[in-house]
Protein chains: 2
Amino acid sequence: MIETRLDAVKLDGAGPVYDQIRRAIRDLVVSGEWPPGTGVPPEHALMEQLGASRMTVHRALVQLAREGLIVRRRRSGTIVASPPASHAMLDILSIPEEVEQLGQVYAYDVLSRSDGRPAPEVVERFGLKRSDKVAHLVVLHRADGMPHVLEERVIHAATVPGLAEEDFAETPPGDWLLKHSLWSQAEHAISAIGAGAEEADLLSIAIGEPCLLVERRTWNQSKPVTAVRLLYPGSRHRFVGRFGPYGQV
Amino acid sequence: MIETRLDAVKLDGAGPVYDQIRRAIRDLVVSGEWPPGTGVPPEHALMEQLGASRMTVHRALVQLAREGLIVRRRRSGTIVASPPASHAMLDILSIPEEVEQLGQVYAYDVLSRSDGRPAPEVVERFGLKRSDKVAHLVVLHRADGMPHVLEERVIHAATVPGLAEEDFAETPPGDWLLKHSLWSQAEHAISAIGAGAEEADLLSIAIGEPCLLVERRTWNQSKPVTAVRLLYPGSRHRFVGRFGPYGQV
DNA sequence: GGCGCTTATTTGCATATGCAAATACCACTT
DNA sequence: AAGTGGTATTTGCATATGCAAATAAGCGCC
């Protein structure tokens with residue numbers, strides 16, 4: 001277990017104490033200062049350092065645990081949780097996992113890679129500066145040998161250390177990024193478009209066939225990390241979700 | 001404010017007391033026994049009736065409030081919340097609201113309605129019995145006069161009182177149902193398909209043009225309520241959502 | 001009637017205290 | 001070395017208590 005520096009937890013005096021504690025720890029977690037596996041100080045230590053009662057500290061930690069940011073176990077203590085790989089319907093972050101959950105065999109090919117300045121059309125689509133250095137990848141994911149998704153991805157070199165040395169021979173870029181970069185904010189959009197000539201060819205479908213397009217952009221502390229465009233043949237894919245009226249499952 | 005019968009809250013003895021209280025009240029809310037607006041008894045009353053301390057009752061209520069099931073205000077007390085009309089990206093339940101949020105003028109036409117036994121293909125799609133009575137509706141929603149979504153809907157008469165008398169002249173069926181029926185579970189699926197001849201005509205698009213298809217089925221206590229098929233012209237629509245790695249916004 | 005003040009009710013927050021449950025760790029035995 | 005049992009640590013839960021903040025409702029005054 002990774003140790004923490006206790007004095008990193010600082011209150012800001014705004015609002016209820018339990019919420020100050022909650023936010024202080026949450027910020028350390030989402031900023032990456034306390035990466036997954038880091039040990040959160042025990043209630044006693046926090047209580048002394050912050051001058052709050054144990055119940056107040058407890059309340060903050062219980063809430064963070066319910067939110068999934070930390071994991072608590074008696075006697076062994078509290079650690080920062082690993083972010084869940086996939087969550088609700090559209091938080092599908094790992095394509096290999098998605099395919100394997102369908103009981104199919106996963107494989108992928110990196111069709112192209114280029115490092116350097118982004119092409120003008122890429123700059124616009126992903127909201128970059130022309131001077132930013134990026135890696136531009138095209139990857140075809142297969143399920144049981146059949147084309148499953150076509151992925152086009154731009155990775156912002158400055159925010160992802162080790163990018164140049166990685167050749168994505170063993171792990172597709174999406175999964176690799178999950179392990180080698182942090183993200184604090186993501187946005188995605190779903191729409192339907194017809195496949196273009198090149199896309200249709202790669203996915204083995206007809207030109208103009210309806211496809212589901214998922215576009216996702218990811219930031220870490222407002223710096224862009226990666227942008228991806230996933231094209232799913234419409235006939236072969238459905239995104240399914242369940243929910244209740246108050247948001248619960 | 002609607003009064004509640006205090007003795008309706010019953011504990012089941014399983015697990016922590018605060019959680020028993022939480023579940024007991026939650027069940028009353030989601031079952032519809034305490035409809036939105038119902039007054040939840042004050043902490044003092046619950047405390048006496050249940051033989052728990054106020055802090056324990058408080059903990060249960062605070063959690064329910066954070067989950068959005070109840071709304072609490074000092075002095076005026078606690079009431080059951082109205083289910084949020086729209087929530088995350090795909091919990092768009094009210095099309096009029098969606099359109100108006102885009103700053104466009106909303107209108108709709110009921111293109112057809114038939115009451116009676118469901119067509120065989122509807123039976124299958126919705127998991128009904130052939131003997132169930134349903135209303136079958138086709139509605140075109142417009143934004144600024146332009147076709148916006150094509151809605152095809154089946155409503156299960158047995159679970160929706162007052163259905164036969166309603167003509168949907170003033171409120172489109174989706175919104176009407178939100179007010180006149182309860183639901184405890186929903187499922188939706190998104191996919192991409194090409195517009196059929198009839199659909200293309202109604203939506204003023206070309207045959208085969210890619211569309212986003214949202215299918216949603218809704219149940220109340222495992223009895224079907226309604227099933228709907230929403231066809232959005234792909235070129236004109238994107239569903240956008242934002243989220244963070246731990247599920248928070 | 002309307003306006004402003006007071007009061008009572010209800011929730012919100014924090015503390016102190018005590019015990020229970022889980023379990024990592026250590027010492028001891030075989 | 002391997003099991004065994006006790007102990008200390010850490011979280012989980014519940015209670016009792018006190019005060020603060022918000023505000024609905026009542027009261028009195030003009």
Side-chain angles (χ1 to χ4, degrees), chain A residues 1-4 6 9-26 29 34 37-81, chain B residues 1-4 6 9-26 29 34 37-81:
Chain A
M1 183 174 86
I2 308 161
E3 291 299 323
T4 59
L6 186 53
V9 186
K10 286 266 166 54
L11 305 190
D12 60 8
V17 177
Y18 79 89
D19 208 55
Q20 293 178 47
I21 300 175
R22 201 198 104 240
R23 291 198 320 271
I25 295 178
R26 183 203 59 190
V29 172
W34 285 3
T38 307
V40 176
E43 297 183 355
H44 259 101
L46 287 170
M47 166 184 159
E48 287 199 357
Q49 194 219 330
L50 302 173
S53 79
R54 185 168 86 87
M55 283 307 286
T56 302
V57 171
H58 183 72
R59 184 169 175 181
L61 293 175
V62 163
Q63 190 165 336
L64 285 167
R66 200 164 33 228
E67 291 168 11
L69 290 237
I70 60 177
V71 176
R72 319 195 71 203
R73 272 174 63 209
R74 280 165 172 158
R75 166 74 221 219
S76 40
T78 301
I79 59 170
V80 175
Chain B
M1 185 175 85
I2 307 162
E3 291 299 322
T4 60
L6 187 53
V9 185
K10 286 267 164 55
L11 304 191
D12 59 7
V17 177
Y18 79 89
D19 208 54
Q20 295 178 45
I21 301 175
R22 201 199 104 238
R23 291 198 320 272
I25 295 178
R26 183 203 59 192
V29 172
W34 286 3
T38 307
V40 177
E43 297 183 355
H44 258 101
L46 288 169
M47 167 186 162
E48 287 200 357
Q49 193 218 335
L50 302 172
S53 78
R54 184 166 85 89
M55 282 307 287
T56 302
V57 171
H58 183 71
R59 183 169 175 180
L61 294 176
V62 163
Q63 191 164 334
L64 285 166
R66 202 167 28 230
E67 290 167 12
L69 291 236
I70 60 179
V71 175
R72 318 197 72 206
R73 272 174 64 209
R74 280 166 173 157
R75 166 74 218 219
S76 39
T78 302
I79 60 170
V80 175

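For clarity, every value in this text was computed on a predicted model and none was experimentally measured. Letters A, B, ... mirror the listed sequences (proteins, then strands); counts begin at 1.
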Between the protein and nucleotides 10-17 of chain D, list the N/O to N/O atom pairs that are separated by less than 3.5 angstrom.
unit_1: D:dT10; atom_1: O2; unit_2: A:Arg75; atom_2: N; d: 3.3
unit_1: D:dT11; atom_1: OP1; unit_2: A:Thr78; atom_2: OG1; d: 3.3
unit_1: D:dT11; atom_1: OP2; unit_2: A:Glu43; atom_2: N; d: 3.0
unit_1: D:dT11; atom_1: O2; unit_2: A:Arg74; atom_2: NE; d: 3.2
unit_1: D:dG12; atom_1: OP2; unit_2: A:Arg72; atom_2: NH1; d: 2.4
unit_1: D:dG12; atom_1: O4'; unit_2: A:Arg74; atom_2: NE; d: 3.4
unit_1: D:dG12; atom_1: O4'; unit_2: A:Arg74; atom_2: NH2; d: 2.8
unit_1: D:dG12; atom_1: O6; unit_2: A:Arg54; atom_2: NH2; d: 2.6
unit_1: D:dC13; atom_1: N4; unit_2: A:Arg54; atom_2: NH2; d: 3.4
unit_1: D:dA14; atom_1: OP1; unit_2: B:Val17; atom_2: N; d: 2.3
unit_1: D:dA14; atom_1: OP2; unit_2: B:Tyr18; atom_2: N; d: 3.4
unit_1: D:dT15; atom_1: OP2; unit_2: B:Ser53; atom_2: N; d: 2.9
unit_1: D:dT15; atom_1: OP2; unit_2: B:Ser53; atom_2: OG; d: 3.1
unit_1: D:dT15; atom_1: OP2; unit_2: B:Thr56; atom_2: OG1; d: 2.5

Next item on the list: Only counting residues at least two apart or in another chain, list the ones meeting side chain to side chain donor-acceptor pair (under 3.5 Å) with A:Arg73.
Entry: none
Check: If only atom types and distance count, is the side chain of B:Gln20 paired as donor or acceptor with the main-chain N or O of B:Gly13 below 3.5 Å?
Finding: yes
Item checked: Presence of salt bridge, A:Glu67 and A:Arg22, under 4.0 angstrom -> yes
Notebook entry, point to check: Which residue pairs satisfy the salt bridge (Lys or Arg N to Asp or Glu O under 4.0 Å) criterion with at least one member in residues 37-56 of chain B, sequence neighbours excluded?
Noted result: B:Glu43-B:Arg54, B:Glu43-B:Arg72
Next item on the list: Please report the closest heavy-atom contact between B:Ala24 and B:Leu11, naming both atoms and the distance.
Entry: CB-CD2, 4.4 Å
